[in-house]
Amino acid sequence: MSTNLVPSPKLGLLRLPHADGLDLPAYETAGAAGMDLRAALADGTPMTLAPGARALVPTGFVFEIPQGYEVQIRPRSGLAFKNGITCLNTPGTIDSDYRGEVKVLLVNLGTEDFVITRGMRIAQMVMAPVTQANVVEIAEAGETARGAGGFGSTGV
Ligand SMILES: O=c1ccn([C@H]2C[C@H](O)[C@@H](COP(=O)(O)OP(=O)(O)OP(=O)(O)O)O2)c(=O)[nH]1
Ligand SMILES: [Mg+2]
């Protein structure tokens, strides 16, 4: 259930045949920012990620994201802490006009094999507003106190 004061934007989820029977992503608590994504692997054919290996894991859903929004795919902290499993391209970006299956790019940064089974919650998705910039090429960039200082220029 949404606790937002403004109406929640609609996120369409198109279930693909290999997601048959899997729970829809859902907010697990009233204030959750993300919804967990499940591995839509065939039953009985788990995927093993060896240390250092990466794999694209299917979620079994096509998203219909409203224009003006994106979906970010982020790691789950429990898997990262316990198993060294994270999303290689975090945060993954799902464009509002993408109509392919959403997949999760997992990498095993741990020291043990990690076995992914059907229905396992492998990552989370956060829907967020995006602003498309009006890009203009300029001749000079306006002066600021920071100038070109960065990468630790303000000290520790
Ligand atoms: O974790 C991810 C990241 C991306 N995508 C899908 C949706 C996204 O809209 C599309 C393109 O992603 P991105 O722009 O990050 O990849 P790219 O390498 O720039 O590919 P493209 O040239 O297709 O944009 O791939 C996923 O399913 N999972
Ligand atoms: Mg791209």
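Index from 1, following the sequence. Just so you know, ligand 1 is whichever comes first in the structure, and atom 1 is the first atom listed for that ligand.
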**Q** Please report which non-hydrogen protein atom sits nearest to atom 25 (O) of ligand 1, along with the residue it belongs to and the distance in Å to one decimal place.
**A**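 Its nearest protein heavy-atom neighbour is Y98 CE1, 4.1 Å.
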
**Q** Just which atoms of ligand 1 are under 4.0 Å from any heavy atom in V102?
**A** 27 (O)

**Q** Does the protein come close to atom 9 (O) of ligand 1 - that is, does one of its heavy atoms sit below 4.0 Å from that atom?
**A**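 Within 4.0 Å of atom 9 (O) of ligand 1, protein heavy atoms are found.
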
**Q** Which one of L56, I94, D97, D95 has a non-hydrogen atom at the shortest distance from atom 26 (C) of ligand 1?
**A** I94

**Q** Is atom 5 (N) of ligand 1 near the protein, in the sense that some protein heavy atom lies at less than 4.0 Å from it?
**A** yes

**Q** Tell me: protein heavy atom nearest atom 12 (O) of ligand 1, and distance?
**A** T93 O, 3.9 Å

**Q** Might you check, step by step, whether the distance between atom 23 (O) of ligand 1 and some protein heavy atom is under 4.0 Å?
**A** no

**Q** Drop me the distance from M35's CE to D23's CG, to the nearest 0.5 angstrom.
**A**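 Going from the CE atom of M35 to the CG atom of D23 covers 13.0 Å.
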
**Q** For G60 and H18, which heavy atoms make the closest approach, and how far apart are they?
**A** CA-NE2, 3.6 Å

**Q** Pick whichever of N89, L105, I73 has a heavy atom sitting closest to atom 3 (C) of ligand 1.
**A**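 Ranked by closest heavy atom to atom 3 (C) of ligand 1, first place is N89.
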
**Q** Does the protein put any heavy atom within less than 4.0 Å of atom 20 (O) of ligand 1?
**A** no

**Q** So, taking the atom named CG in L13 and the one named CD1 in I65, what distance separates them when rounded to the nearest 0.5 Å?
**A**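 Rounded to the nearest 0.5 Å, the CG-CD1 separation comes out at 9.0 Å.
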
**Q** Looking only at protein heavy atoms, identify the closest one to atom 27 (O) of ligand 1 and say how far it is in Å.
**A**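 Minimum-distance protein heavy atom for atom 27 (O) of ligand 1 reads K103 N, 3.0 Å.
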
**Q** Going by the atom numbers of ligand 1, which of them fall below 4.0 Å from some non-hydrogen atom of G92?
**A** 1 (O)

**Q** Give every donor-acceptor pair under 3.5 Å between a side-chain atom in residues 126-136 and any protein atom, sequence neighbours left out.
**A**
none

**Q** Supply the atom-to-atom distance M120 CE to F114 CZ, rounded to the nearest 0.5 angstrom.
**A**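 Spacing of CE (M120) from CZ (F114) equals 4.5 Å.
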
**Q** Supply the atom-to-atom distance R76 CZ to I122 CD1, rounded to the nearest 0.5 angstrom.
**A** 10.0 Å

**Q** Could you go through residues 79-94 and list every donor-acceptor pair under 3.5 Å that involves a side-chain atom there, pairing it with any protein atom two or more places apart or in another chain?
**A**
none

**Q** Checking side chain to side chain contact (heavy atoms under 4.5 Å, CB included) for the pair I73/K103: CA distance, chi angles, key distance, verdict?
**A** CA-CA 9 Å; I73 308 293; K103 295 184 179 173; over 6 Å; no

**Q** To check you understand the geometry: which heavy-atom pair defines the closest contact between Q124 and D36, and what is its length?
**A**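 Reported closest heavy-atom pair: CB-OD1, 3.6 Å.
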
**Q** Under 4.0 angstrom from ligand 1, any heavy atom of V104?
**A**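 No, V104 has no heavy atom closer than 4.0 Å to ligand 1.
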
**Q** Using protein heavy atoms only, decide if any is under 4.0 Å from atom 16 (O) of ligand 1.
**A**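 Not a single protein heavy atom is under 4.0 Å away.
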
